Asks: 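Let me give you the structure first, and then I'll get to my questions.
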Amino acid sequence: MPPTTDVVLAVVFLPFVAAAVTPLVFRLLGERTAYYAAAVALACFALVSKLYFAGAHGSVAVEWIPSLGVSLAFYVDGLALLVAFLASGVGVLILTYSGGYMHGEPGQAKYYASLLAFMGSMLGVALAADLVALFVFWELTSLSSFLLIGHYTGEEASKYAARKSMLITVSGGLFMLVGFLVLVWASGQALPETTYRIPVLIEHADAVRTALGDAGLLVPVLLLLALGAGTKSAQVPFHIWLPNAMEAPTPVSAFLHSATMVKAGVYLVGRFRPLFLPPEAPILGEWTTLFAVLGLLTMTVAAVLAVSATDIKELLAYSTASHLGLIVAGFGFANAYGAEAGAFHILNHASFKAALFLVAGIVAHEAGTRDIAKLGGLRKHLPVTAVVAVVASLSMAGVPPFNGFYSKELLFEATYYAAEEMGGVGWLFPVVAVFGSVFTFLYSIKFASLFFGDEPDGLGHVHRPPVTMLVPPAVLGVLVLAISGQPNAFIEGLVGGVYGSVVPGDAHSFSVHLPTELSPYFVMSLVTMALGAVLFPFYDRIHAGVRTLLSGPVRANWWYDNAVDGATALSKRVTPLVQNGLLRTYVIWALAAVCALALGGYAALGVSLPPLTELAVTTPILLVLLVAVVGAFAVGIAPSHVAGVLTLSIVGFMVAIFYILADAPDLALTQLVVETLVLVIFLLVLDRLPAFYGRPRAAVAVRDAALSLVVGVTVFVTVLVSTASNPNKALAQFLAERAGVPSEHGSLIVDYGGGGNVVNVILVDFRGFDTLGEISVVAMAAIAVLTLIRMRSRGETQ
Amino acid sequence: MTQFVLATVLGLLFALGTFLVLRRDVVRVVWGVTIVSQSANVYLVTMGGLEGLAPVGHGHGGGGTAVSDPLVQALVLTAIVIGFGTSALALVLTYRVYQEHGTIDVYELGGDQ
């Protein structure tokens, strides 16, 4: 059945509304805001469950930009529901955990508001059916992630990390946007009507793909989407932002950087898989070449880097990148096992990795350090935590019978069958997969080993964690055990639907079993574990070896830092040239540019100057204007401020008289009042200012005079050209006629505007709001003047 | 109707205003801005045509349809008032700048020379 619009909208927008009122709630509840936020997440979880149990499948849409065919459309299917379950379900646990973890931390209102906004964005990403809506929610997750990573605003490392993640994920998102636009274009070629709807694109996958292929855009689109997904999901070489993002408070790391936000990238890959991977796809088509290679590369490189980590959160961060690589690789393979591996591992990874991050948070919080070398024997102090850590670590290592084993086994199966079909170089797939998994095994066991053995010297007293911090990881640990015990129940209920979303056409569910015979892929698992067990005693040597290899251009960070530092240095060099702090520089560039553009425009259009036929002004106007020019000239050469102000006044009053002669009485009155006021203010201020007799150097004066001349000529030509044309006077005529001139037309202005003065009626009736704005400007200027003068005397800025 | 006189006058006023804006003395810069903005107002009024009666209908006797354009006048009236706000603020800023920095020399304020 199709989902109900109200429920879907509520799921996505409830967190945003809740985020908006969080500051108020924080004033009322203080630190208990955590439970308010958790309740919001629980409500979202309940709504998602409602969709799930109603068997919702299909689209709902609310019009957004109808003229462009963009709507706020949502699509509910297996993949969307799984990601929505993760975002809201893990959200409940994380927000509860935050209640204990964030005790006494600064900026809690901002923290909970950002987390809720993030959850809403993630639910939006999961449910969006429209490419534009997907992009907007996608970038909203980047924004809220930026706020959360940079939570400790005072710390350099936080700022660096926040900027890095923002630069990488947002720029990746922009590439993705370009990819989306190409897709929309292709839909216009392939379908009768251009569409932004993902389900429609997938429905007509063959036609869209053909259109893209004919235009030679298939590979570019794949690359653009891969850039978006790869930056978000921390695929090599964009994995570098994830370890830095661990500067965020640990609940954020557990939520955004394990269970949800980084899943957005793999979600995108899964979402577009049926569009680009038809059932008859070759074993090594463009899609597989790109995503299987990218995924396996990330899985291996990140696993090796995780072994080199010295900090438990850094280890988990690299491990996350590695497991995301596994999912991407799974989605990359053009066989059913790959899709199954990816679909199942999304759930498995979220369950064990969120648990491990929360464990890491407890360790950091209670032992006071995250340094792997300084930790050990924590089992005695943190017994419950230790059990959760061991269960989750074994699952992460891919040890049977834990759930991580099943999805890893499916990936091995996918690589094996791909290799069997391709032969030759295709055997690299299983070899690389096993190689990467050995490192996964190593660091997983290392993490679990922190709870065993002897306590190192220098490890201080380890506190017991509060219940609010202990329950969420325990719940996740139980979830890991539940999935491990009944994998097929979860596949039947949830993962099968995900599988259906990532393969084209109708798909039926699948099932997994513990191996009963020595299949080739079970041998791969056994080899992984055996090699891991053999190598584990040499962990420290491998750790040191990897670290020595990592220097200079081998590291993606080297490229990032050099690029950013280079850009910063370039900006620092260029800025003083453009922004030298001198008003005249800005004025010269702005005016010269305007004049060049205007004169260039006239020249390009071949505008000719109208001939001089008559003066077109009466003698009084001519005289008044001459006096004004003389006055302005006198201002230019005024020897003192007072002389200048008085001659400036002459110009102003001459303008007022000009208005009288030009039949604009209202302007004349206003001008007279304003001119008088300006004169008074000038004289008041001048009293406080020093005389200034700085004479310009001759060269400067000549240059200024030249620019002034150019400006003057531009204005001269512009006035001539514009007054020579005959603009349509229909509007003026309309107004004049209704003002009772002549009276036989009736007097709309008098009857409805309440006055015969057209200008006044325009100002207070037709453009009433505009005039209100004008009054506000004057009021603001008055307040600013008052502030500037009063604040100084009160010494508030000192 | 082509306005040669006004074109010349406005060209001169703009040129003089620009020259003042480029001076080192902040007060002269403010003068320059004032002159330029007033010239712009005059230009707008000129665009509405200089012939015709004031656009006041009621009790004006209905002496023909030729009135000057009320629309530009309404625009310029707003512009004059906003210009006044700008000038007043600019002047007080000048005063404040002198209090804070002890100079009204644009070069010194810009950290040059």
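The model shown is predicted, which means the values in this text are computed figures rather than measured ones.
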Asks: Shorter than 4.5 Å, heavy atoms on both sides: which option in B/Val92, B/Asp69, B/Leu91, B/Val42 has the most such pairs with chain A?
Replies: B/Leu91
Asks: Provide the closest heavy-atom pair for B/Arg96 versus A/Leu788 in the form atom of the first, atom of the second, distance.
Replies: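 It is NH1-O, 2.6 Å.
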Asks: Name the member of A/Arg688, A/Arg703, A/His641, A/Met780 that forms the most heavy-atom pairs with chain B at distances under 4.5 Å.
Replies: A/His641
Asks: Indicate the atoms forming the closest heavy-atom contact of B/Ser87 with B/Thr34, along with that distance.
Replies: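 So the two residues come closest at OG-OG1, 4.0 Å.
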Asks: With a 4.5 angstrom heavy-atom cut-off, is it the side chain or the backbone of A/Leu591 that approaches chain B, or both, or neither?
Replies: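 Contact with chain B: side chain only.
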Asks: Can you tell me which portion of A/Val710 sits under 4.5 Å from chain B's heavy atoms? Options are side chain, backbone, both or neither.
Replies: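 Neither part.
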Asks: With a 4.5 angstrom heavy-atom cut-off, which part of B/Ser39 approaches chain A: side chain, backbone, both or neither?
Replies: neither
Asks: For the candidates A/Ile762, A/Asp704, A/Val629, which exhibits the highest count of non-hydrogen atom pairs separated by less than 4.5 Å from chain B?
Replies: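 Counting heavy-atom pairs under 4.5 Å, the top option is A/Asp704.
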Asks: Go through the atoms of A/Val655 and report whether side chain, backbone, both or neither lie under 4.5 Å from a heavy atom of chain B.
Replies: side chain
Asks: Could you tell me which portion of B/Leu16 (side chain, backbone, both or neither) has an atom closer than 4.5 angstrom to a non-hydrogen atom of chain A?
Replies: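 The side chain, not the backbone.
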Asks: Between A/Val711, A/Leu667, A/Asn760, A/Thr670, which shows the greatest number of heavy-atom pairs under 4.5 Å with chain B?
Replies: A/Leu667
Asks: When heavy-atom pairs shorter than 4.5 Å are enumerated against chain A, which of B/Thr8, B/Leu89, B/Ile80 gives the highest number?
Replies: B/Ile80
Asks: Please classify the contact between B/Leu22 and chain A as side chain, backbone, both or neither, with a heavy-atom cut-off of under 4.5 Å.
Replies: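 Interface part for B/Leu22: both.
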Asks: Any idea which of B/Thr94, B/Val26, B/Asn41, B/Val72 has the most non-hydrogen atom pairs under 4.5 angstrom with chain A?
Replies: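 Counting heavy-atom pairs under 4.5 Å, the top option is B/Asn41.
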Asks: Where does B/Tyr95 contact chain A at under 4.5 Å (heavy atoms): side chain, backbone, both or neither?
Replies: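 The answer is both parts of B/Tyr95.
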Asks: Which one, B/Trp31, B/Tyr98, B/Tyr43, leads in non-hydrogen pairs under 4.5 Å with chain A?
Replies: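 It is B/Trp31.
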Asks: Report which part of B/Val29 has an atom under 4.5 Å of a heavy atom belonging to chain A: side chain, backbone, both, or neither.
Replies: side chain
Asks: Can you say whether A/Thr618 sits under 4.5 Å from chain B via the side chain, the backbone, both, or neither, judging by heavy atoms?
Replies: neither
Asks: Got a donor-acceptor contact below 3.5 angstrom from the B/Tyr107 side chain to the A/Leu582 backbone?
Replies: no
Asks: At a 4.5 Å cut-off on heavy atoms, which part of B/Leu13 comes close to chain A: side chain, backbone, both, or neither?
Replies: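 Only the side chain of B/Leu13 comes within 4.5 Å of chain A.
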Asks: Among A/Gly636, A/Pro690, A/Gly631, who wins on heavy-atom pairs under 4.5 Å with chain B?
Replies: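 Highest number of pairs under 4.5 Å: A/Pro690.
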Asks: So which part of A/Leu720 gets closer than 4.5 Å to some heavy atom of chain B, the side chain, the backbone, both or neither?
Replies: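 For A/Leu720, heavy atoms of backbone and side chain both lie under 4.5 Å from chain B.
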Asks: Measure distances from B/Leu71 to the heavy atoms of chain A and classify the residue's part below 4.5 Å as side chain, backbone, both or neither.
Replies: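 Contact with chain A is through both the backbone and side chain of B/Leu71.
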Asks: Under 4.5 Å from any heavy atom of chain B, what part of A/Arg767 do you find: side chain, backbone, both or neither?
Replies: side chain
Asks: What part of B/Val76 gets closer than 4.5 Å to chain A, counting heavy atoms only: side chain, backbone, both or neither?
Replies: both
Asks: Of all heavy-atom pairs between B/Ala15 and A/Gly712, which one has the smallest distance, and what is that distance?
Replies: CB-CA, 4.1 Å
Asks: How about A/Thr723 and B/Phe4: do any of their side-chain heavy atoms sit closer than 4.5 Å?
Replies: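 Contact flag for A/Thr723/B/Phe4 side chains = no.
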Asks: Indicate the atoms forming the closest heavy-atom contact of A/Pro610 with A/Ala724, along with that distance.
Replies: CG-CB, 3.7 Å
Asks: Let's go through A/Met654 and A/Leu625 carefully: what are the C-alpha distance in whole Å and the side-chain angles of both, what is the deciding distance for side-chain contact (heavy atoms from CB on, under 4.5 Å) to 0.1 Å, and is it a yes or a no?
Replies: CA-CA 7 Å; A/Met654 285 306 127; A/Leu625 290 176; over 6 Å; no
Asks: Only distances under 3.5 Å count here; give the side-chain donor-acceptor pairs of residues 672-686 of chain A to other protein atoms, sequence neighbours excluded, each with its distance to 0.1 Å.
Replies:
unit_1, atom_1, unit_2, atom_2, d
A/Glu675, OE1, A/Gln671, NE2, 3.3
A/Glu675, OE1, B/Gln38, NE2, 2.8
A/Thr676, OG1, A/Leu672, O, 2.6

Asks: Against the six-membered ring of B/Phe19, is B/Arg23 placed for a cation-pi contact (under 6.0 Å from the centre, within 45° of the normal)?
Replies: yes
Asks: Applying side-chain contact (heavy atoms from CB on, under 4.5 Å) to A/Leu763 and A/Val759, what does each step give before you reach the verdict?
Replies: CA-CA 6 Å; A/Leu763 283 175; A/Val759 177; 4.3 Å; yes
Asks: Mind ranking A/Ala781, A/Pro665, A/Gly644 by heavy-atom pairs under 4.5 Å with chain B and telling me who comes out on top?
Replies: A/Gly644
Asks: Would a 4.5 Å heavy-atom cut-off, applied to side chains only, mark A/Leu609 and A/Val717 as touching?
Replies: yes
Asks: Is it the backbone or the side chain of A/Val785 that comes under 4.5 Å from a heavy atom of chain B, or both, or neither?
Replies: both
Asks: Okay, side chain of B/Thr78, backbone of B/Ala74: is any donor-acceptor separation there less than 3.5 Å?
Replies: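 Present.
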Asks: Could you tell me which of B/Ile82, B/Thr86, B/Leu12 has the largest number of non-hydrogen atom pairs under 4.5 Å with chain A?
Replies: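 With the most close heavy-atom pairs to chain A, the winner is B/Ile82.
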Asks: If you take all heavy atoms of B/Thr103 and B/Val97, which pair is closest and at what distance?
Replies: O-CG1, 3.8 Å
Asks: Testing B/Val33, B/Ile35, B/Val30 one by one against B/Val21 for a side-chain contact (heavy atoms from CB on, under 4.5 Å), which residue passes?
Replies: B/Val33
Asks: A/Val777 versus chain B, heavy atoms under 4.5 Å apart: side chain, backbone, both or neither?
Replies: side chain
Asks: Any heavy-atom pair between the side chains of B/Thr46 and A/Phe658 that's under 4.5 Å?
Replies: yes
Asks: I'd like to know which of A/Ile621, A/Val778, A/Thr771, A/Val645 tops the heavy-atom pair count under 4.5 Å against chain B.
Replies: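 Highest number of pairs under 4.5 Å: A/Val645.
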Asks: What are the two closest non-hydrogen atoms of A/Ala634 and A/Thr647, and how far apart are they?
Replies: CB-CG2, 3.6 Å
